[in-house]
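Here you go, one structure.
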Amino acid sequence: MTEKQTTPAARSSAPVVRFAPSPTGYLHIGGARTALFNWLYAKARGGTFLLRIEDTDRERNNEAAVAAILDGLRWLELDWSGEPVSQFARAARHREAAEQLLASGNAYRCYLTPAELDAMRAAAEAEKRTLSIRSPWRDKNPDEAPADLPYTIRLKAPREGETVVEDHVQGRVVIPNKDLDDLILLRSDGNPTYNLAVVVDDHDMGITHVVRGVDHLTNAARQTQIYQGLGWSVPEFAHVPLIHGPDGAKLSKRHGALGVEAYRAMGYLPVALRNYLVRLGWSHGDDEIMSTEQLVSWFDLDGIGRSPARFDFAKLEALNAHYIRQTDDHELFERAVAILPEIEGGFDIARRLASGAGPQFRAAIPSLKERSKTLVDLIQGAAYVFAARPLALDEKAAKLLDAPAKDMIGKLVTALEKAPEWSAPALEAIVREFSEANGLKLGKVAQPLRAALTGSTVSPPVFDVMAVLGESESLARLRDHAA
RNA sequence: GGUCCCUUCGUCUAUCGGUUAGGACGCGAGAUUUUCAAUCUUGAAAGACGGGUUCGACUCCCGUAGGGACCGCCA
């Protein structure tokens, strides 16, 4: 918070938000964006960003998933306050809330069995009727209850009227209460269900703003009823639209429903992914490339749109290319090395690096980063650095190195051997002089050189390549292809 | 089926009743050039449809169509 004088309202406006993933898998792209929005909102308002793991479903709990999610957040550089809260660990408190609801008459014990519920659903389906669970136990006298049968505790939700969700993104959403049934608060095994746990935890954690996917919009209405039953005030809501695949359908693995670690392995930078993700649904005028500082100062819930967005790799790549050019060489080197174990051929490169190719790779980065969309491109572009003599030529390079070209390279070697110093400008001067003397355009000379030096027709500027390779390696490669 | 939400260039979006409907990615053309990039110039490209309201609608209202979310003793 700034030091400026604040009104009571402003002072109390420092929000407390949370990201609450369920540990069923990795941190997918939609979850990453939700976490980003929460994080930005907290940063923008001098608030607090908390984490809570929604692990009340013991059958699905998975420690590896929790670790993957935390790793994903860390990689994205979204830092949270304190330790992640385990929802499961708070089960006793949730039960207490259920009892409170029972005591105040806002909940009741329901002895409907799963089989009976299935039958009710099947009947509704057969009659093409809207299903609405109307438990017969809702209005029964407690002493009619069977003594030792398992029961669930259900919310005694209002049947008349409507429940209103005032949402920062969706606006005022009104849902008729007749369409909201008496949800289960406590399972027959005594464990709390999601909706109860969320309400109790959000309340206890002092959450002021709940920012999550629209798939929770109807839950917001149900949770509102629980808040009301408990006599607690409802937090502010912001339900953000979902991210769709390129075809408009649900995000599939082929598309982008990958864990963030997959984006890491594809060579994307966290800054780039953040910038891309924030623009999916949120905007600040025409701004596209925004620094984290700018995002923090501009971000607001009101800038989030209501329509779902499609994931577009091309735009992510464009942003990534931009950020790669902006990132300093050392950081690029570190990040590239870090993903080596995750990419094809990375193991061999790691070995070459360990056996002394590091300085050359570092030297190659400035020219490589100008033409790389991802770190993977950067690494692949450095293939010429890691290649061993005699170089394997690709098809186009082989075609380029015909007899006259080899002959020319022979002459070039002679000229280059006389270089006063082995630097890009000095080498360029020699080659330019050579081409002029022979009445050739520079490209006619540079391309065969490139082919012999890199085995490819595409590379950073040849003089940079020679400088990176050094005198002896460069000349050796050239001699390999000289007539 | 019920409830709720959504609909501007191919994609992400700007516009908060009056604009030649803007930007970005992608795509086309050109410039530059040692290849590939980068960069610069430039072109094509949009208000789903139908009704209202209004002097005036992309913007407000209604309907239609299309899309999505939810409807578990999952979260």
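Lettering of chains follows the sequences in order, A, B, ..., and the numbering in each one begins at 1.
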ask   = Between atom CG in A/Asp215 and atom P in B/C5, what is the gap in whole Å?
value = 16 Å
ask   = Among residues 367-380 of chain A, which residues get a heavy atom nearer than 4.0 Å to RNA chain B?
value = A/Glu370, A/Arg371
ask   = Between B/G26 atom P and A/His322 atom NE2, what is the distance in whole Å?
value =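 Taking atom P of B/G26 as the reference, NE2 of A/His322 is at 13 Å.
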ask   = From the list B/C25, B/C12, B/C71, which nucleotide is the closest neighbour of the side chain of A/Ala309?
value = B/C12
message = Tell me whether the rings of A/Phe333 and A/Phe361 are parallel (<30°), tilted (30 to 60°) or perpendicular (>60°).
response = tilted
ask   = A/Asp286 has a side chain; which of B/A75, B/G22, B/C73 sits nearest to it?
value =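 So the nucleotide nearest the side chain must be B/G22.
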key: Nearest to side-chain heavy atoms of A/Arg450, which nucleotide of B/C4, B/G26, B/U35   = B/U35
inquiry  = Let's test your reading of the model: under 3.5 Å, does the base of B/C73 pair with the side chain of A/Ser188 as donor and acceptor?
reply    = yes
request  = Please report, rounded to the nearest Å, how far the P atom of B/U35 is from the CG atom of A/Leu401.
outcome  = 17 Å
Review item, nucleotides 57-59 of chain B N/O atoms under 3.5 Å of protein N/O:
none

inquiry  = Checking A/Tyr194 against A/Asn219: is there a side-chain donor and acceptor pair closer than 3.5 Å?
reply    =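 Checked: A/Asn219/A/Tyr194 side chains show no N/O donor-acceptor pair below 3.5 Å.
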ask   = Does any pair with a residue in residues 434-444 of chain A pass side-chain hydrogen bond (donor to acceptor under 3.5 Å, both in side chains), and if so which ones, sequence neighbours excluded?
value = none
Sequence neighbours left out, cut at 3.5 Å: what donor-acceptor pairs do the side chains of residues 375-386 of chain A make with other protein atoms?
residue	atom	partner	partner atom	Å
A/Asp377	OD2	A/Lys373	N	2.9
A/Asp377	OD2	A/Thr374	N	3.4

Using a cut-off of under 3.5 Å, enumerate the N/O to N/O pairs linking the protein to nucleotides 18-20 of chain B.
none

inquiry  = Just the rounded figure in Å: distance from P of B/C36 to OH of A/Tyr384.
reply    = 17 Å
A/Asn106-A/Gln225 side chain donor-acceptor pair, cut-off 3.5 Å =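 No - no donor-acceptor pair under 3.5 Å links their side chains.
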remark   = Considering only heavy side-chain atoms of A/Pro176, the closest of B/C12, B/C4, B/A75 is B/C4
inquiry  = Please tell me whether A/Asp215 and A/His239 have a donor and an acceptor in their side chains that are separated by less than 3.5 angstrom.
reply    =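 Distance-only check fails for A/Asp215 and A/His239.
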key: Short side-chain N/O contact to B/C12 OP1/OP2 from A/Ser283, under 4.0 Å   = no
message = Students often mix this up, so state it plainly: with edges at 30° and 60°, are the rings of A/His284 and A/Trp282 parallel, tilted or perpendicular?
response =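 Plane angle under 30°, so parallel.
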query = Does A/Arg310 make a side-chain N or O approach to OP1 or OP2 of B/G67 shorter than 4.0 Å?
reply = no
query = Choosing from B/C73, B/C25, B/C6, which nucleotide comes nearest the side chain of A/Pro308?
reply =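 Shortest atom-to-atom distance from the side chain points to B/C6.
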ask   = Touch check for A/His239, heavy atoms < 4.0 angstrom, all strands: base, sugar-phosphate only, or nothing?
value = nothing
request  = Mark yes or no for a side-chain to base donor-acceptor pair under 3.5 Å between A/Asp179 and B/G2, with no hydrogen or angle criteria applied.
outcome  = no
inquiry  = By nearest atom, which of the nucleotides B/A69, B/C25, B/C73 is closest to the A/Ile184 side chain?
reply    =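 Closest nucleotide among those given: B/C73.
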ask   = What nucleic acid atoms does A/Arg306 come within less than 4.0 Å of, heavy atoms only: base, sugar-phosphate, or nothing?
value =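 Sugar-phosphate, backbone atoms only, no base.
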Per A/His244 side chain, nearest of listed nucleotides B/G68, B/C73, B/U34 = B/G68
task = State whether A/Arg279 places a side-chain N or O below 4.0 Å from either non-bridging phosphate oxygen (OP1 or OP2) of B/A24.
result = no
query = A/Arg325 has a side chain; which of B/U39, B/U34, B/G23 sits nearest to it?
reply =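 Side chain of A/Arg325 sits closest to B/U39.
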query = Which ones in residues 460-469 of chain A lie close to RNA chain B, meaning a heavy atom under 4.0 Å from one of its atoms?
reply =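 Of all residues in residues 460-469 of chain A, the ones placing a heavy atom under 4.0 Å from RNA chain B are A/Pro460, A/Pro461, A/Val462, A/Phe463.
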